[in-house]
Each structure stands twice: as structure tokens, then as C-alpha cells.
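First up is the structure itself, then whatever we jot down about it.
Both ligands and their constituent atoms are indexed starting at 1 by order of listing. In this text the structure is predicted, and so the values were computed from the model without any measurement.
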Amino acid sequence: MNRPWNNLRVRVFPDHWSLLFGQIAFYSFVVIVLSGVVLTAYYEPSVDHVVYDGPYTPLRGVPVSRALDSTLAISFEVRGGLLMRQLHHWSTLIMVAAIILHLLRLFFTAGFRRPRRLSWLVVFGLLIVTMGAALTGTSLPDDMASGMSLAVLDGVLKATPFVGSALSELLFGGQFPGDVIAWFYPLHVVVLPAVLVVLFVAAAVLALKHKPAQFAGPGRTEDNVVGRPAIVSAVKSAGLFCFVAGVSLVMAATATINPVWLYGPADPANASAGVGPAWYLAFLDGALRLAPGWEFVVWGRTVTVAVLLPVAACTLFLALVAVYPFLEERLTGDRKDHHLLVRPRHNPTRTGIGVAGITFYGVLWAAAGADTMAVLFHLSVNALLHAFQILLIVGPPAAFVITRRICLGLQNQDAEIAEHGLEIGTVIRQPDGGYIEKHRPIDAERRRQLAGASRPASGT
Ligand code: HEM
């Protein structure tokens, strides 16, 4: 029977730094699970109140939940506790960043085409579930920052017409804030990590099922794989694990993250500017800030667009990202299997769409920091938000057009080099007074590499 892991010993895996993001995401997940197990031994998932009497004097005598009390104890009293908390948090950021970079790599090199369309969906699923795990995790310490994220989430849910209150009660197990921690805790430590394990296994099985995709290069074709034997790749991968764990440990030991003692206990009445969601969720916050405050009355109920519109826009954006491989296949009619990756410049339209998407996400992301920017640069926050609103509309199409032009320019430049060779900076004056520039011919391999671009710029 032809199982994905058959013949593993004789298989060959391509070697390129950009193919490592998936592994970095997995190894960060391993670090997260290991540090999470240590944290579970000391953390108390309870919103019952106690009066803080630990070693951090500014909070002495302040009523806090058991959750925050235990998080403070982990930070100041448990030996190595703060290191574990920071390791858990920094690895989360590395994991999210690695998955996003992996998705971007798949997108811009067309690594999502047949037969890898399903792998794209799995990686997208990994991103969404990891964000869910991170959101539930940051809510656990029950500090001011986590309380504010939950208050925003509650507001968004309640703004859903007709079913808003029911949705909020369902999530928070009653009136907000309810006993959200008791409900988030099992979700965070068991359910979501289990889903992530399933997704990682699915990604590995899919990766082994097909021949690995590779960049074009010496002797590489659609039918072969040039790279290192599985055993060498496995040893390198083990080295990568040590590197990821080492870097996360150094970050955890030297850079403070989520200092809950400075924020104090969760209290929506004391919400402060400058406290926002983690960077990867900031685009949702930015979307809320940029939405116009329009309201309508439907059947005697007020429906606000200020929340519905950004939620709908972000959901549509994420849905488009998820189904992009299927959309592209439908629009281009390309149903062939592909095992050679593409340089972004060779498909200006796709690259343009990708940069337009990044611009859309980037503007929303930047808008989440509008209040901080306004204070820092002495600007009006309203003027800044208007500027971001305009940028959100004109930015993505402009990014699309500019990127497409750049790709076509690069293609022409490649074609020029393939035809005439590299400029060496020597200009010769000829007897008739004319000037010619000398070129160094390039080897056949380099010419082949550029070949994709040396076709007339088609704009596909
Ligand atoms: C990919 C999966 C996971 C992600 C993204 C994640 C993320 C987070 C984050 C960002 C925090 C807040 C940390 C802080 O206080 O600054 C947190 C807290 C926590 N996590 Fe996880 N976590 C994951 C899996 C796990 C697992 C598998 C366990 C246990 C086996 C666990 C146990 C905990 C505990 C006990 C806390 C509360 C303690 C604290 O905040 O200091 N986590 N998690």
C-alpha cells in the first residue's frame, strides 16, 4: 500500500531557507506546549476574588482574581516562573509570525496550486486556530489588557443584530464578564492545542503524500526533486528546533512581555488608551476604529454599521485568503499539477493581489495604533483616522498597480540580462564617437533561471 511515509529513507527534500517557516511554526508550538504544561502546575483558572498580599508592593491590598493572583505568583514567586510565562508568550508570537510568513511564501511562489490546495487550507486553519489559542491564552491572567480585549469582543458580539446578546451570553457563560476564564481554560489547554496537533499531522501527511515543491534551478524539473536525503534534512531540522528553542529562551530571558503587574486587575471601567490587542489581532481593532458610525433602525431595533461593517470586511478578507487557490484555479482554468515554485515577478497579477492584500491588512493594523501615533506625533486622532480611511480605499488598488508595474519592469530587466549579459560598468568610446557599454555574458544556468521572465511580459 502506498502510504505517505513509505520510502522515507530514500526520499530527497529541497533545501531553501524559505521552506523552513512551517518547521519554525511547529517547533514554536512544541516550546509552547512544554512551557504551557509547567504553567498549568501553578495557574488557577478562577475569577473568585482574593486580596493580593504577594511581594509586588504596588498591588498589595488590591482585590484581584485568583487567576491574576496565581499569574503574579508565577511571575514573582515561582522559581523560573517568569521565564516560563515569557517563553510561552514569545513562542506564541514566533509561531504566529512563522505561520503568516509560511502563508505569504506559499502565496507569492504559487506553492498552493494543485496538488497542494488542501495544504493551503490546513495552514490557513493553523493560523486561525493559533490566533484563537493566543486570544484565549492572553485572557487567562485576567489583567487589565486581557479584560479590555474581552470587553471589545463582548461589544462586537452584542452589536450583531437580533442574536447579539445571546451570542455574548453563550461565549461568556452568562452576562459579561461571566466566568469566562473557567470556560476558556479547557479550550486553551486541551481543545485548541489538540486541534493544532491534528492540523500539524494533516500538514505533515499532505507534505509527504506529494513530491515536495522546489524552486527552479540546476537540473530541477517538474518531475524530479533536487535536494538533500531525508536523514540529512532530519538532522538539520533537529538543529532548527534547538535554534528556535534557544532564540525563544534568550528572548524570554532578556525581553519583558505582557507585564501584567503593571496593568493591574481587569476592570472595563478603567480602560486606558494605548492598551490594545496583540499585533496579529490588531487589524480587527483597526477595522473597528475606521468604520463610520452609521446606525439604522430596523423593526424598532437599532442596527449599527460601526461594528457590523468591519466584522463583515475582515471576515470577507479572511474568507478570500482561504479560498484563493480555488478562485485562481477557476479564473485561470489551470488544473495541472505543479511541482516547481514560481518567482513572484513571473506572475505580476498574483503578486499585485498579494501586495494589495498586505496593504489592506497593514492599513487596518496601523489604524489600531492611531491614538498612540496621535500622542507621539502631536496630531489630531480624527485627522489620522480620516487619513487611514482614505488609505484603506485607495491603498490596495494603488499597491496592485504599482506592484504589477514593478514585476513587469523586473521581467524586462531579466530578459535584457538573459539576452545581453550583465552590465559591468565599462563604457567604451568608439572611433566614430559613439559609446557602447560592455556586458559580461551569463552562464547557461543563470539564463535558464531568468528564462521565465525572458518571455514577452504577458501580465499573467
Ligand atoms: C498554540 C497553542 C497555545 C498558544 C498560542 C498559547 C498562548 C498563550 C498566551 C499568549 C498566554 C498568555 C501568557 C502571559 O501570561 O503572558 C497563555 C497563557 C497560558 N497558557 Fe497557553 N498557549 C497555547 C497552548 C497552551 C497549552 C498546550 C497549555 C498547557 C498545557 C497552556 C497553558 C497556559 C496557561 C496555564 C496559561 C496562563 C498562565 C499565564 O498567563 O502566565 N497553553 N497561553
Within the supplied structure, the quantity of interest is the number of heavy atoms (other residues, nucleotides, ligands) at a distance under 6.0 Å from Arg330 CZ; does it exceed 12?
no

Among non-hydrogen protein atoms, atom 39 (C) of ligand 1 lies closest to Arg85 NE, 4.0 Å

Per-atom contacts, ligand 1 versus Phe29 - under 4.0 Å to a heavy atom
1 (C)

Has Trp294 got more than 12 heavy atoms of other residues, nucleotides or ligands less than 6.0 Å from its CH2?
no

How does Thr71 reach ligand 1, if at all, at less than 4.0 Å between non-hydrogen atoms: by side chain, backbone, both, or neither?
side chain

Could you identify the single nearest non-hydrogen protein atom to atom 16 (O) of ligand 1 and state the distance to 0.1 Å?
His89 ND1, 2.6 Å

Tell me, yes or no, whether the heavy-atom count around Tyr42 atom OH, taken from other residues, nucleotides or ligands under 6.0 Å, exceeds 12.
no

What heavy-atom pair brings Thr71 and Pro141 nearest, and what distance separates the two atoms?
OG1-CA, 3.5 Å

Short list, please: which atoms of ligand 1 are under 4.0 Å from a heavy atom of Thr40?
29 (C), 30 (C), 35 (C)

Identify the protein heavy atom lying closest to atom 3 (C) of ligand 1, giving its residue, its atom name and the separation to 0.1 Å.
Ile32 CG2, 3.4 Å

Specify the protein heavy atom at minimum distance from atom 1 (C) of ligand 1: its residue, its atom name, and the distance to 0.1 Å.
Leu196 CD1, 3.2 Å

Which of the numbered atoms in ligand 1 are under 4.0 angstrom from any heavy atom belonging to Pro193?
27 (C)

For Pro141, counting its heavy atoms only, list the atoms of ligand 1 lying under 4.0 Å from any of them.
15 (O), 40 (O)

Looking only at protein heavy atoms, identify the closest one to atom 36 (C) of ligand 1 and say how far it is in Å.
Leu140 CD1, 3.6 Å

Note: His88, heavy atoms under 4.0 Å from ligand 1, region reported as side chain

May I ask you to check whether over 12 heavy atoms, not counting those of Phe326, lie within 6.0 Å of atom CZ?
yes

Closest non-hydrogen protein atom to atom 5 (C) of ligand 1, residue and atom name please, with distance?
Thr92 CG2, 3.6 Å

Measure the distance from atom 6 (C) of ligand 1 to every protein heavy atom, then report the residue, atom name and distance (to 0.1 Å) of the closest one.
His188 CE1, 3.2 Å

Quick check: are there more than 12 heavy atoms from other residues, nucleotides or ligands sitting under 6.0 Å from CH2 of Trp183?
no

Atom 18 (C) of ligand 1 - nearest protein heavy atom and its distance
Gly137 O, 3.6 Å

What atoms of ligand 1 come closer than 4.0 angstrom to any heavy atom of Asn258?
14 (C), 15 (O), 16 (O)

Check: His49 side chain, Pro63 main-chain N or O, donor-acceptor pair, under 3.5 Å
no

